[in-house]
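Everything below concerns the one structure shown next.
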Amino acid sequence: MTIRKAVLPVAGFGTRVLPATKAIPKELLPVVDRPALQYVVDEAIEAGIEHIVFITGRGKSAIEDYFDFAFELETNLRSKASKAAILADVEKTRLPAGGASFTRQQEALGLGHAIWCARDIVGDEPFAILLPDVIVKAEKSCLAQMVEAYGKSGGNIIAVDPVPEERVSSYGVIAPKGEPDGRLIQMSGMVEKPPREEAPSNLAITGRYILQPEIFGLLADQGAGAGGEIQLTDAMARLMQMQDFYAYEFEGAPYDCGSKLGYFEAVLAHAIDHSEIGADARELISKV
Ligand code: G1P
């Protein structure tokens with residue numbers, strides 16, 4: 001069954017980059033000339049997603065405005081011939097009418113709870129999740145790679161990426177099993193934010209998922225896990241006992257924009273490849 005819907009949890013406070021995120025949602029911080037969230041939405045659209053479900057929260061209404069029709073702004077730009085290119089960029093940010101839903105996660109109870117908030121909007125079909133903290137720079141969008149793999153394997157698929165051992169405790173980590181089949185890896189388990197010495201591998205869950213709708217029933221009664229929060233990883237570990245489940249080692253470079261250093265890296269990587277400022281950015285960086 002085609003993956004038509006994607007859930008993007010955007011309710012987080014952005015505590016790791018405060019005070020920058022005090023009045024601006026962290027997802028709208030610019031990476032060169034576009035909000036971080038725009039890269040993630042583009043990734044979803046490239047993968048064939050038709051409907052995006054944003055799980056928002058209080059103080060995040062700027063996100064809804066960003067993806068709407070900006071009537072006054074667009075009318076103003078349209079009246080000036082010299083602004084045609086800017087207008088075209090602004091027009092591209094508008095999501096198609098009926099192609100997005102916004103629902104609030106009223107309390108910060110964890111990622112698992114945020115995803116559960118999408119249950120009625122997603123309904124009874126397989127769907128994708130993209131965590132907007134992570135931007136993946138890749139030839140072919142990370143989710144598009146996963147959708148292609150899903151076309152052959154079915155089941156559930158989560159993106160993984162090797163991380164240095166000292167960072168495993170910041171992520172969900174998988175326990176691989178047997179020989180990988182190309183980029184698809186079988187698993188015997190997964191655990192959220194394990195202490196370094198208990199981590200089953202250094203393959204971290206990278207924030208891209210294709211899941212079957214049965215996850216919602218499991219999330220409904222999922223107790224609190226790591227950090228006292230309802231964890232998606234714990235519910236996925238249960239789903240793995242019932243259905244086919246694979247990890248997918250994608251091609252591309254992930255940047256964790258939720259952290260200061262990751263955000264800085266994302267800006268650098270996108271600046272040096274930018275069509276307009278790339279060459280100058282490289283020169284500038286070589287002088288720093
Ligand atoms: C979440 C997930 C974790 C995953 C990570 C990727 O954690 O719970 O499994 O590895 O995203 O960024 P968070 O970063 O929200 O604490």
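Remember, it's 1-based here, ligands and their atoms both numbered in the order they're listed.
In this structure, atom 11 (O) of ligand 1 is in close contact with the protein, since a protein heavy atom lies within 4.0 Å of it.
Considering only non-hydrogen protein atoms, atom 5 (C) of ligand 1 sits nearest to I205 O, 4.0 Å. Nearest protein neighbour of atom 13 (P) of ligand 1, counting heavy atoms only, is K193 NZ, 3.6 Å. Protein heavy atom in closest approach to atom 9 (O) of ligand 1: E192 OE1, 2.7 Å.
Within the 3.5 Å criterion, the main-chain N or O of L143 finds no donor-acceptor partner in the side chain of R208.
Proximity of Y209 to Y248: side-chain heavy atoms (C-beta onward) are nowhere separated by under 4.5 Å.
Side-chain polar atoms of R238 and Q222 form a donor-acceptor pair below 3.5 angstrom. Looking at Q38 and D42, their side chains do bring a donor and an acceptor atom within 3.5 Å of each other. Under 3.5 Å, the side chains of H270 and D33 contain no donor-acceptor pair of N or O atoms.
Near V134, with a cut-off below 4.0 Å to any heavy atom, the atoms of ligand 1 are 12 (O).
Ring centroids of Y255 and Y39 are separated by 6.0 Å or more, keeping the two rings apart.
Not a single heavy atom of D133 sits under 4.0 Å from any atom of ligand 1. Note on ligand 1: T233 sits in its first shell, one or more heavy atoms being nearer than 4.0 Å.
Considering backbone and side-chain atoms alike, L131 places every N or O at 3.5 Å or more from each N or O of ligand 1. Of the N or O atoms in L111, none lie within a sub-3.5 Å distance of an N or O in ligand 1.
With sequence neighbours left out, F245 forms a ring pair (Phe, Tyr, Trp, His ring centres under 6.0 Å) with no residue at all.
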